[in-house]
Amino acid sequence: MWTPGGAVECQPPSVKPTCSSAPPEKNTLEQHTDSMRNFSEKSKKPCHCTKSLCLKLYCDCFANGEICNNCSCVNCCNNMEHETIRNKAIKTCLGRNPDAFNSKMHSSVQGAKGSYTRGCNCKSSGCLKNYCECYKAKIMCSSLCKCVSCSNYSRSKVKESAVQKSSHPDDNNTHHTTK
DNA sequence: GAGTTTGAAACT
DNA sequence: CAGTTTCAAACTC
Ligand SMILES: [Zn+2]
Ligand SMILES: [Zn+2]
Ligand SMILES: [Zn+2]
Ligand SMILES: [Zn+2]
Ligand SMILES: [Zn+2]
Ligand SMILES: [Zn+2]
């Protein structure tokens with residue numbers, strides 16, 4: 001909890017869960033300059049969600065199991081003021097993926113428990129940009145990935161010889177998903 | 001800051 | 001399950 005000094009933070013909860021049209025509530029708390037330094041420490045990356053209400057995995061805050069704080073999100077419900085809705089959203093996400101929140105990062109994949117085991121599906125980034133979840137997590141792509149033209153390997157030299165069945169030079173995993 | 005690109009998450 | 005749409009971040013200019 002932070003100490004509201006100027007009373008410039010959240011908006012009154014006017015968001016209705018099943019309402020037809022939600023009024024645009026823009027988070028007015030983002031006056032950096034020197035407000036951030038107050039809390040320091042965490043300084044997590046703020047989200048800028050506008051349509052997900054920060055109640056879907058689109059929102060990094062929500063995906064990481066964190067409450068939005070110092071974010072620029074609109075109509076944010078990822079807070080204790082909307083705990084009921086938030087809990088429902090969490091439940092929905094868990095229904096889709098029981099391990100959705102087990103790992104700090106997004107995970108799904110079979111048998112992933114507290115580890116990144118997502119496997120990316122990049123097609124145009126070569127897994128060398130932050131678009132790639134593997135690259136962002138600073139891990140190499142594995143056989144779980146279905147990326148095309150992957151270069152996210154310790155050995156940047158990836159030969160596409162016919163010898164390689166997959167685009168991945170080193171696949172220690174014998175068990176393949178379904179293929 | 002505006003506009004584009006990108007691939008995960010969501011939806012059908 | 002696959003194809004499509006939605007979404008917010010990463011990136012470019
Ligand atoms: Zn958010
Ligand atoms: Zn947030
Ligand atoms: Zn939020
Ligand atoms: Zn990738
Ligand atoms: Zn990967
Ligand atoms: Zn890759």
Length of the [atom1]-[atom2] vector between [X] and [N], whole Å:
X: A:N121; N: B:dA8; atom1: CG; atom2: C1'; answer: 8 Å
X: A:K146; N: C:dG3; atom1: NZ; atom2: P; answer: 12 Å
X: A:L53; N: B:dA10; atom1: CG; atom2: P; answer: 14 Å
X: A:N152; N: B:dG7; atom1: CG; atom2: C1'; answer: 15 Å
X: A:K123; N: B:dA8; atom1: NZ; atom2: P; answer: 7 Å
X: A:F101; N: B:dA9; atom1: CZ; atom2: C1'; answer: 12 Å
X: A:N64; N: C:dA8; atom1: CG; atom2: C1'; answer: 14 Å

For nucleotides 9-13 of chain C, list the nitrogen or oxygen atoms of the protein found under 3.5 Å from its nitrogen or oxygen atoms, one pair per line.
from: C:dA9; atom 1: OP1; to: A:H48; atom 2: N; distance (Å): 2.9
from: C:dA10; atom 1: OP1; to: A:K45; atom 2: NZ; distance (Å): 3.0
from: C:dA10; atom 1: OP2; to: A:K45; atom 2: NZ; distance (Å): 3.4
from: C:dA10; atom 1: N3; to: A:Y131; atom 2: OH; distance (Å): 2.8
from: C:dC11; atom 1: OP1; to: A:N130; atom 2: N; distance (Å): 2.9
from: C:dC11; atom 1: OP2; to: A:N130; atom 2: ND2; distance (Å): 3.2
from: C:dC11; atom 1: O4'; to: A:Y131; atom 2: OH; distance (Å): 3.2

Is the distance from OP1 or OP2 of [N] to the nearest side-chain N or O of [X] less than 4.0 Å?
X: A:R96; N: B:dA10; value: yes
X: A:S124; N: B:dT5; value: no
X: A:T50; N: C:dA8; value: yes
X: A:K56; N: B:dA10; value: no

Are any side-chain N or O atoms of [X] and backbone N or O atoms of [Y], one a donor and one an acceptor, separated by less than 3.5 Å?
X: A:N79; Y: A:H82; value: yes
X: A:Y153; Y: A:M140; value: no
X: A:N78; Y: A:E66; value: yes
X: A:N130; Y: A:Y135; value: no

Fellow cluster residues of A:I67, listed by chain then number, with links counted only when side-chain atoms sit under 4.5 Å apart: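 For the cluster that includes A:I67, the remaining residues are A:M80.
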Qualifying ring pair (Phe, Tyr, Trp, His ring centres under 6.0 Å) pairs, either residue in residues 59-81 of chain A, two or more places apart: A:F62-A:F101
A:R86 and A:E83 ion-paired at < 4.0 Å: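 Judged by the 4.0 Å cut-off on N to carboxylate O distance, A:R86 and A:E83 do not form a salt bridge.
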Nucleotide nearest A:S52 when distance is taken to its side chain, options B:dG7, B:dA10, C:dC7: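 Among the listed nucleotides, the one closest to the side chain of A:S52 is C:dC7.
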